[in-house]
A.B. asks: 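I have a structure I would like to understand better, so I am pasting it below and will then ask my questions one at a time.
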Amino acid sequence: MTQTVQAEAVIDISASTGSVFKFKAPRAGKILLNECWGRWSEAAGTQTTTAGVGSIEVAGTEYATLTSGKDEAVGDVDTWTLAATVGNDKAVYFAAADLIDVKLKTQAVGGTVTGEIRVYLVVELAAV
């Protein structure tokens, strides 16, 4: 069964780097990275030095990033850029108890560095 998991926190591109949401898999399954997305809940401006970058890691390996760097209005939707290591089915498989970790990988610097994006993860868990 496929379900969307709404992150309990947002990626704030002006904040300190680190985890903003952790989802410990209750069962084995897969995360459908090409279907994951984010919606800006605070407008973002253009960063002139370094763009803010969010990251999705599964079991300690990064599989997708989301880069700000441009003007985003409240309600705008962005999708994730998948790592080259993601297979053709655009999914990453995980075991029960593996950690799906959403992070702010790079803090935005220069220009307008405000902006927050709420993350939605699309996961498919194995049948019970």
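If you read the sequence from its start, that first residue is 1, and numbering goes on from there.
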A.B. asks: Can you name the side chain to side chain contact (heavy atoms under 4.5 Å, CB included) partners of Thr114, sequence neighbours left out?
C.D. replies: Glu42, Thr112
A.B. asks: Does Val74 sit in a hydrophobic cluster with other residues, and if so which ones, taking ILVMFWY side chains as linked at heavy-atom separations under 4.5 Å, directly or through other members?
C.D. replies: none
A.B. asks: Report all side-chain donor-acceptor pairs from residues 48-59 shorter than 3.5 Å, counting only partners two or more places apart or in another chain.
C.D. replies:
| residue | atom | partner | partner atom | Å |
| --- | --- | --- | --- | --- |
| Thr48 | OG1 | Gly111 | N | 3.0 |
| Ser55 | OG | Glu62 | OE2 | 2.8 |
| Glu57 | OE1 | Lys103 | NZ | 3.3 |
| Glu57 | OE2 | Lys103 | NZ | 3.4 |

A.B. asks: Could you tell me which non-hydrogen atom of Gly115 sits nearest to which non-hydrogen atom of Trp40, and how far apart they are?
C.D. replies: C-CZ3, 3.8 Å
A.B. asks: Would you give the length of the straight line joining atom CG of Asp76 to atom OG of Ser41, rounded to the nearest 0.5 angstrom?
C.D. replies: 11.5 Å
A.B. asks: List in chain and number order the residues that pass ring-ring contact (aromatic ring centres under 6.0 Å, His included) with Tyr93, two or more places apart in sequence or in another chain; answer none if no residue qualifies.
C.D. replies: none
A.B. asks: So which heavy atom on Leu82 is nearest to which on Ala64, and how close?
C.D. replies: CD2-CB, 4.1 Å
A.B. asks: Under 3.5 Å, side chain of Arg27 to main-chain N/O of Ala126, donor-acceptor pair present?
C.D. replies: yes
A.B. asks: Quick one: are Val123 and Ile100 in side-chain contact, heavy atoms under 4.5 Å?
C.D. replies: yes
A.B. asks: Would Ile117 end up clustered with Val10 when hydrophobic side chains under 4.5 Å apart are linked, directly or stepwise?
C.D. replies: no
A.B. asks: List, one per line, each side-chain donor-acceptor pair under 3.5 Å for residues 11-26, sequence neighbours excluded.
C.D. replies:
| residue | atom | partner | partner atom | Å |
| --- | --- | --- | --- | --- |
| Asp12 | OD1 | Ser14 | N | 3.0 |
| Asp12 | OD1 | Ser14 | OG | 2.8 |
| Ser19 | OG | Asp101 | OD1 | 2.9 |
| Ser19 | OG | Asp101 | OD2 | 2.9 |

A.B. asks: Applying side chain to side chain donor-acceptor pair (under 3.5 Å), name anything that partners Glu72, two or more places apart in sequence or on another chain.
C.D. replies: Lys70
A.B. asks: Quick one: list whatever passes ring-ring contact (aromatic ring centres under 6.0 Å, His included) with Trp37, sequence neighbours left out.
C.D. replies: Tyr120
A.B. asks: Decide whether Val122 and Val102 are clustered together by the hydrophobic rule: side chain heavy atoms of Ile, Leu, Val, Met, Phe, Trp, Tyr closer than 4.5 Å, transitively.
C.D. replies: no
A.B. asks: Can you name the residues that form a side chain to side chain donor-acceptor pair (under 3.5 Å) with Glu116, not counting sequence neighbours?
C.D. replies: none
A.B. asks: What pairs of residues pass the salt bridge (charged side-chain N to carboxylate O under 4.0 Å, His left out) test when at least one of them lies in residues 86-100, not counting sequence neighbours?
C.D. replies: none
A.B. asks: Looking at every heavy atom in both Cys36 and Trp80, which two are closest together, and how far apart are they?
C.D. replies: O-CD1, 3.4 Å
A.B. asks: Taking side chain to side chain donor-acceptor pair (under 3.5 Å) as the definition, give me every residue that meets it alongside Asp71, ordered by chain and number, with sequence neighbours left out.
C.D. replies: Thr46
A.B. asks: Just how far is it from atom CG of Leu121 to atom CD of Gln6, taken to the nearest 0.5 Å?
C.D. replies: 10.0 Å
A.B. asks: Which hydrophobic side chains are connected to Leu99, either touching it within the sub-4.5 Å cutoff or through other members that do?
C.D. replies: none
A.B. asks: Can you pull out every ring-ring contact (aromatic ring centres under 6.0 Å, His included) where at least one residue sits in residues 55-75? Sequence neighbours excluded, please.
C.D. replies: none
A.B. asks: Decide yes or no for Val109 and Gln47: does some side-chain heavy atom of the first lie under 4.5 Å from some side-chain heavy atom of the second?
C.D. replies: no
